[in-house]
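This report refers to the structure that appears directly beneath it.
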Amino acid sequence: MKKQIKIAKSSGFCFGVKRAIELAEQIVSKNNKVYTFGPLIHNPQEVDRLEQENIKVIDDYSKIKNGVLVLRTHGIPLNIYDKLAKKKNLKILDATCPFVKRAQDIVKKLSDESEQIVIIGERTHPEVVALVSYGKGKCIVVEDMCDVKNVKKTDIIYVVSQTTQSPKKFKEIVNKISKISKIKIYNTICKATYDRQSAAEKLANKVDVMIVIGGKNSGNTRRLYQICSKITKTHHIENVDEIKGIWFKNKNIFGITAGASTPSWIISNVKRRMKEVLEIVNKKNKEKQK
Ligand code: SF4
């Protein structure tokens, strides 16, 4: 059987990531002091490329006094935003994804009218850390089923999601919470997440091996890996150098997907390398059959 590669229908850069990179690139063409507060997106290779364009990552905002500070797609905690806004010579360029912003606005509004807001997501992920900061101390983060025990019985429990949460996991946790009290759900999972996860799941069912490309620090890429690895043999790589020839042995159909923060140039490099390896293997097989 001829070996072949299939690409997931929806993969790679999403709207929010594209927008953040475009905003940062536009501003650096007009200003020579451009910083991002933490990595702009969760992809180390793309962040390195932006550094070469003079868009520098800083972790300690107290060290910069002037220039432009670009806020990352995941958003930043409210108290830090307020401190930054007071720096007179620092221009803030907010590249928080509008879908993340929507989730922040919901948490902020709920914090005025509710006792308890449950956020389903990864506790230490920057997006969740920022979301919690909008909740005036009323947020409880539920990362897994075992955290549901921390949810208190109140008249009504409000539930919000990390934008890149797995819809399946979100539904399972919501079902469990609904047994505690009446709940009101704000499903803030973004469409890019739905599309990438369902395309990856469909493809994983049709192939022998899946390759998931994206930052090891990228939550949405890790979830693509988790989804695919439950279905078929899956490898998570950040770049082309991690591909191993052994993965192609005795396998015929290979699938590729990529997280929402994976640039097209990395995906192209991986496709090219995989094609080269497969051509060699197909050629060898043909010779054996002669
Ligand atoms: S994954 Fe969704 S929420 Fe996150 S940056 Fe992309 S579009 Fe925005």
Side-chain angles (χ1 to χ4, degrees), residues 8-27 36-47 49-50 55 57 70-78 81 93-108 119-134 141 143 159-171 185-201 212-228 236 238 257-267:
K9 283 228 162 70
S10 179
S11 65
F13 268 8
C14 61
F15 153 79
V17 166
K18 258 190 226 159
R19 175 179 169 272
I21 291 174
E22 278 167 18
L23 286 173
E25 286 181 327
Q26 276 164 17
I27 199 81
T36 68
F37 182 40
L40 187 60
I41 60 168
H42 276 161
N43 187 278
Q45 292 72 25
E46 182 67 1
V47 170
R49 188 189 71 77
L50 292 171
I55 300 166
V57 180
V70 186
L71 305 185
R72 62 196 171 201
T73 48
H74 301 119
I76 62 165
L78 193 54
Y81 189 95
L93 179 65
D94 192 353
T96 306
C97 174
F99 300 119
V100 173
K101 200 99 194 122
R102 177 178 164 255
Q104 291 176 347
D105 290 344
I106 290 172
V107 172
K108 193 174 174 198
I119 297 173
I120 301 180
E122 292 162 288
R123 193 165 282 110
T124 55
H125 190 283
E127 180 191 331
V128 176
V129 173
L131 274 182
V132 169
S133 75
Y134 282 83
V141 179
E143 202 163 310
V159 182
V160 178
S161 175
Q162 182 178 357
T163 55
T164 54
Q165 185 56 260
S166 142
K168 200 172 161 207
K169 190 171 169 188
F170 180 74
K171 205 171 158 199
I185 305 161
Y186 291 85
N187 186 343
T188 43
I189 300 174
C190 85
K191 188 172 180 301
T193 300
Y194 272 107
D195 291 348
R196 275 151 191 73
Q197 291 187 7
S198 78
E201 190 173 359
V212 178
I213 317 165
K216 299 271 161 73
N217 58 346
S218 156
N220 78 83
T221 308
R222 283 200 302 268
R223 268 182 287 285
L224 290 177
Y225 172 77
Q226 285 158 5
I227 289 166
C228 296
H236 176 181
E238 270 190 4
T257 188
S261 46
T262 310
S264 57
W265 60 270
I266 297 184
I267 302 172

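One-based numbering, in listed order, for ligands and for the atoms of each. Just so you know, these numbers come straight off a predicted model, no measurement behind them. The first residue of the sequence shown is numbered 1, and numbering continues consecutively from there.
Judged as a side chain to side chain contact (heavy atoms under 4.5 Å, CB included), and not counting sequence neighbours, the contacts of K168 are S166, E172. Residues passing the ring pair (Phe, Tyr, Trp, His ring centres under 6.0 Å) test with F170: none are found, sequence neighbours excluded. By the salt bridge (charged side-chain N to carboxylate O under 4.0 Å, His left out) test, K18 is found to be paired with no residue, residues two or more places apart in sequence or in another chain being considered.
Around atom 2 (Fe) of ligand 1, protein N, O or S atoms at less than 2.8 Å number 1.
Here the rule is side-chain contact (heavy atoms from CB on, under 4.5 Å) with K216, and of R222, H42, E238 only E238 fits it.
Residues E46 and R49 are paired through a salt bridge, judged by an N-O separation under 4.0 Å between the basic side chain and the carboxylate.
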Take C97 and E127 through the side chain to side chain contact (heavy atoms under 4.5 Å, CB included) test and state the conclusion after the steps. CA-CA 10 Å; C97 174; E127 180 191 331; over 6 Å; no
